[in-house]
Amino acid sequence: MTAARLLVAALRDPGSVAGLSAEQWTALLTAARAERLIGTLAHRLDRRSVPEAVARILADAEEGAKQERRAALWEAEMARRALASLDLPVVLLKGTAFAAAGLDAGQGRSIGDLDILVPRDALDAVEQALRAFGWEPVKEDAYDDAYYRRWMHELPPLIHRERDRMIDVHHTILPPTARPTPDAEALLADAVPLGNGLSILSPADMVVHAAAHLYADGDLAGGLRNLWDIDRLLREFASDDFWRQLDERARRHDLAGAVRRALRQAADLYGAPIPDGWRARFTVDPLYRRRLLARDGWGRQGHSFTRLGFYIRSHWLRMPPLMLARHLWTKATRKPA
Amino acid sequence: MTTPVYAADPPSARAVVELDELVAVLHRPSGATHLLASPAPELLDALAEGPADARTLLERLSRRYDLIGSEADAIEARMEELVTAGLVWRA
Amino acid sequence: MRHAHAVRVGPVGFRVGAAWRAPVEALAALYEGYPEPEGAIPDLTVRLYPERPWRRWLRPSVAISGDYWLPDAAPLPLEQGLLAAEMGMNLQVALGWRRHLLLHCSAVERGGRVLLMSGASGSGKSTLATLLAMNGWRFLGDEFAFVSLEDGRIHPFPRAASLKNQAIAAVRQAGGTVGPVIEDTPKGRIGYWRPPADALARMAETAPPALLLFPRFGFAEAVEPMAPSEAFMRLTQASTNYVALGEAGFTALSRLVRTVPALTIDYPDSATGMALAERLWSEA
């Protein structure tokens, strides 16, 4: 079994780790780190029933995840304080949202940058307010700056000069140039306030966003974690009403295909609950599966040809062809700093 | 312009160790460490009674300490530094 | 990976994998006599690999990665593969270890108490620790001091000391064996000094810190006491995991600076540095 398969099995069924050899444990832990799922694994496994050396590594991971969670929630609070005077909805996205809302998907999860969603027409005011509170642009490069503002669905990333933490300010969940065009107003309109001045997406939109992120907005890197998020969200939200809402929202955001593929993939890997009717209509895409499970016992991402294919694919999805050519050409001819 | 009212997390949100003339403070919600000189630690303690503006803080401090030449303006300047550090916010 | 070696240094189990045989063989030779990772499950993984597939043969260059990595870690030529392995191990510890507070310090022990020396590259902390270890002190490490989060005791991490430029001659002159030596690295000439058998045999034996020195090499002899708050601030800068540890790090570091006297020492040459350290130790 490849390391990635060991990891998926351990997350799905913690009992599957019984009897693993030292070599298999090493491969599993290394793959879990590389996929940024070690904190989640630590949360899932019972440390009393694993070898001592493993228990120590898992204890470290659990503690690390706790610190990451604290730092992430603090960044959210700092953003809230910076933006309070604008009187805007500030919607937390991804890991920070899961942690702030106390969702299962946030348990042990590694959380990096802060991602927030704000109304598009408030972007300038948001940027000014953040700058006044100590955030500043990461990239000084004029081309990158224009690229972000024009083609991506976010401000250029800002970093806080004292805390050294990044914030990504989005006005939608996919680049405007991507073929699907999510309904950003609906995302904001249905956001759920947490009661502390911050909001999260509605349950259905949260799943749609995770799916969009996986297939349309990236090269499947971090796919195992992303699908784990989806699995946990589905287990927490599953109900007849929820499936109806999810179907409606996925169509509304022009992401029905991506959402169904993601759900099917989550069901395939982690046994996520999905409606029978949805399961029957689709088969598992072997290329995606192979790509997702490519991590080896040294933490390396294998199958480099598959990877290149996905890299190009993700760029095509993000940008119409002419723009892609221009982007690659500008990147290629830019002199190194 | 109205005078700002400041608030802080309760003292249980901070671990405090006196090193010398400086006090090391770990702010638990942020995980950040601050080295504070007087009167910053005293101002944080004074906020334990609840949110207050600079004048009220001055009154609270003068109940506990003999203050010489302290003015609300100076307190406000210290409070703004604590706001920047994330230890205090404008209520 | 094609070639691999696993080794335990103090509390840390490492596994180093490489696309080439040479770096792994050099590593195995340098760490001969060190134990295996506990339970044969390493804590940290280092990977040495060609930056591009063809770079395994053509002007081979060794990229360093592992469980933790930096985006801007520059690759090294294959002749410096051992240095790449060592840097990879340092990187994993610096970014990944959280069972102790890590201070960028050398550490030696005598009479059951530990002398810590903190300083940047060029301060002479490695040289002083090596020379003291050849002079009746037990060598605990020249790169990281592992401070226990529970009781503040120092755990040995007796890696081979990495000596740079003039330090190689200074240690040889004092009768020490330095080798292998790697020329023309980004840090100049680097030579490794293997800790004595005693340091290896006692690598699980912890001891409390008693004195903290901040040495500066190349200045006229001077000693200045340092306030606890300044030591605290400087050690947060000299720690790779203080922030990541949260309150546990705060507790360990504030305990250290309140209980252990700190001094800066300037010294013009190794002999003066040694004499100063010995004198201050006897007064501490």
Side-chain angles (χ1 to χ4, degrees), chain A residues 39 60-88 90 92 95-96 99-102 106 108-114 128-136 158-167 194-198, chain B residues 1-17 19 22-41 43-54 56-57 73 75-91:
Chain A
D60 290 348
E62 189 160 15
E63 192 54 37
K66 237 187 261 171
Q67 298 297 338
E68 270 190 35
R69 175 194 169 85
R70 183 198 28 71
L73 293 177
W74 181 250
E75 283 307 301
E77 168 63 12
M78 289 292 90
R80 184 197 68 74
R81 289 184 195 176
L83 301 176
S85 63
L86 299 182
D87 200 23
L88 288 172
V90 175
L92 302 175
T96 310
R109 192 185 189 278
S110 127
I111 309 173
D113 305 338
L114 173 62
Q128 277 174 25
L130 290 173
R131 282 181 176 230
F133 269 71
W135 277 273
E136 45 197 36
L158 301 169
I159 193 160
H160 196 275
R161 62 170 167 262
E162 265 126 44
R163 296 192 305 279
D164 206 26
R165 300 273 305 195
M166 300 249 280
I167 184 169
L194 291 170
N196 60 355
L198 295 163
Chain B
M1 202 178 126
T2 53
T3 56
V5 173
Y6 300 100
D9 298 292
S12 62
R14 296 182 292 273
V16 179
V17 176
L19 296 175
L22 294 181
V23 175
V25 175
L26 177 84
H27 181 234
R28 293 189 171 107
S30 63
T33 303
H34 306 272
L35 286 175
L36 300 183
S38 200
L43 285 167
L44 282 175
D45 286 344
L47 279 178
E49 288 178 38
D53 62 8
T56 314
L57 281 169
D73 284 359
I75 298 290
E76 207 165 295
R78 296 287 84 71
M79 294 310 290
E80 287 303 319
E81 289 166 11
L82 291 172
V83 169
T84 307
L87 289 165
V88 163
W89 63 92
R90 287 177 177 225

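Just so we're clear, the structure is a prediction, and the values are computed from it rather than from any experiment. Residue numbers begin at 1 in each chain, while the letters A, B, ... track the order of the sequences.
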- For the atom pair CZ (R70(A)) and OG (S30(B)), what is the distance rounded to the nearest 0.5 Å? 7.0 Å
- Task: Kindly say whether W89(B) contributes a backbone atom to a donor-acceptor pair with the side chain of R81(A) at under 3.5 angstrom?
- Result: no
- Message: Between A32(B), G31(B), A85(B), who has the most heavy-atom pairs with chain A when the cutoff is under 4.5 Å?
- Response: G31(B)
